[in-house]
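For reference, the structure is listed below as structure tokens.
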There are 2 protein chains.
Amino acid sequence: MLQSRLLDAAIVHFGLYGFEGASTRAIAKASETAMSSITYHFGGKEGLYLAAAEHIARQVRERLEPLRQRIEESAATATHAEAVELLLAITDRQAEVLLSPETEAWSRFIVREQQQPTEAFERIFQGALEPMIELILLLIARSRPELDPAERRAMALLLFGQPLILRIGRATVCRVLGSDDLGARESAVLRSRLRKNVLCILSENGDG
Amino acid sequence: MLQSRLLDAAIVHFGLYGFEGASTRAIAKASETAMSSITYHFGGKEGLYLAAAEHIARQVRERLEPLRQRIEESAATATHAEAVELLLAITDRQAEVLLSPETEAWSRFIVREQQQPTEAFERIFQGALEPMIELILLLIARSRPELDPAERRAMALLLFGQPLILRIGRATVCRVLGSDDLGARESAVLRSRLRKNVLCILSENGDG
DNA sequence: GTCTATACTACGATAGAC
DNA sequence: GTCTATCGTAGTATAGAC
């Protein structure tokens, strides 16, 4: 489908070169169509950009959906141990998604929007990031009810942020692990360590 | 000084718009000079880009230097508690730097290079990131000698990565904290929570 | 709906005045 | 060292054929 080919190419190009740097000619060429198709289907470069943001949000949401349903069903009645287990499931799933090659282009797009938010950030935030963070907050409220709300939010952000280096600092991760890319071995070590970190943070036996 | 004005403007523009998206005309205008000064001083757009990367690496290194010296002096003989204290000092300093407004432009530049590394990444990595991670590794080796080297590297990366959301996910952090920017109150909560997280991870009383 | 052709603007590099 | 002027290339948008 032409529109979907254009959206995929748009995410790659906007992610790599930014809104200004990307060229509608190149996006059209990668989608094997003429540049003016973009005007026709999306109204222009800006319309394509916003549609690309929504395309990303939709796909991220779809990947989260099974886990979200599972959590919404059980969060209200979960014990401390169950809440911790669900939090581990979220961060591990997040790491899995961020480690998988197909999210590379999405990530580049989202990171640009974080650094300099436009209308597109709003769509990605509300469509993908906010639901995920709300889930994390819900589970933190059950597993660490003694913390005050501001600290729970800080904790949610830091938990959510921890796996981000796997994608956003990819070049550094590879260099430090002495590997050209993150294969099964490297991924396993990173995810295992991430899991232990999350567990430590949630049980908080430090003198915190 | 003209060269330094050009470098500062270059970091801002390359960070915002990427290498292709940034315009040498705009950089020259922001530096109140003619575009051909860039050719004269840096040989062209690419030369300016690499010089900007080195400028960033140098400034990051300078900010780390006092802490680095303190750690190099004491790391070899540090007790477990001292090593943990120095690690807390590193991540807290990192958070402080990432929260400060002046690193906004650097961050945008570095993040672009992480996502799509060029020769400029090499200069930033060797000049700024690698020294910092080596310090973290040194201290982890002293505070958690029982871990095998691969896991120590994974731990160093995740510890190093945890504060990154403060800068890279700034738009999300602000939205979740319900604040337009990160003032003293928000920064204090985040840094305090970060400190507790690092402490938990290093003492590892989870079942990990 | 998708194409080609074209109008207009902005880019980087460079030559040459001072 | 810094400027202005100019060249060739590439960008977006749009009109109109089919």
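Below, read A as the first sequence line, B as the second, and so on, with proteins coming before strands; counting in each chain starts at 1.
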Candidate pair B:R123 and B:E119, rule salt bridge (charged side-chain N to carboxylate O under 4.0 Å, His left out), full reasoning: CA-CA 7 Å; B:R123 311 206 182 183; B:E119 165 65 18; 3.1 Å; yes
Can B:R68 and B:E72 be counted as an ion pair, charged N to O under 4.0 angstrom? yes
Are B:E151 and A:K196 close enough for a salt bridge, meaning some N to O gap below 4.0 Å? yes
Distance-only donor-acceptor check, side chains A:T172 and B:Q114, under 3.5 Å: yes
Just the rounded figure in Å: distance from P of C:dG12 to CD of B:E46. 13 Å
Please determine if B:R61 and B:E65 form a salt bridge, counting it only when a charged side-chain N lies under 4.0 Å from a carboxylate O. no
Could you go over nucleotides 6-11 of chain C and give all protein N or O partners under 3.5 Å, atom names and distances?
residue : atom : partner : partner atom : Å
C:dC11  : OP1  : B:S23   : OG           : 3.3

Is a salt bridge present between B:R58 and B:E62, judged by a nitrogen-to-oxygen distance below 4.0 Å? no
Strictly below 4.0 Å, N to O, side chains only: are A:R195 and A:D92 in salt-bridge contact? no
Between atom OH in B:Y17 and atom P in C:dG12, what is the gap in whole Å? 13 Å
Residues A:R70, A:E82: salt bridge by 4.0 Å N-O rule: no
For nucleotides 1-3 of chain D, which of its nitrogen or oxygen atoms have a protein nitrogen or oxygen under 3.5 Å away, and what is each distance?
residue : atom : partner : partner atom : Å
D:dG1   : OP2  : B:Y40   : OH           : 3.0
D:dT2   : OP2  : B:H41   : NE2          : 2.5
D:dC3   : OP2  : B:T33   : OG1          : 2.3
D:dC3   : OP2  : B:A34   : N            : 2.5
D:dC3   : OP2  : B:S37   : OG           : 3.4
D:dC3   : N4   : B:S36   : OG           : 2.9

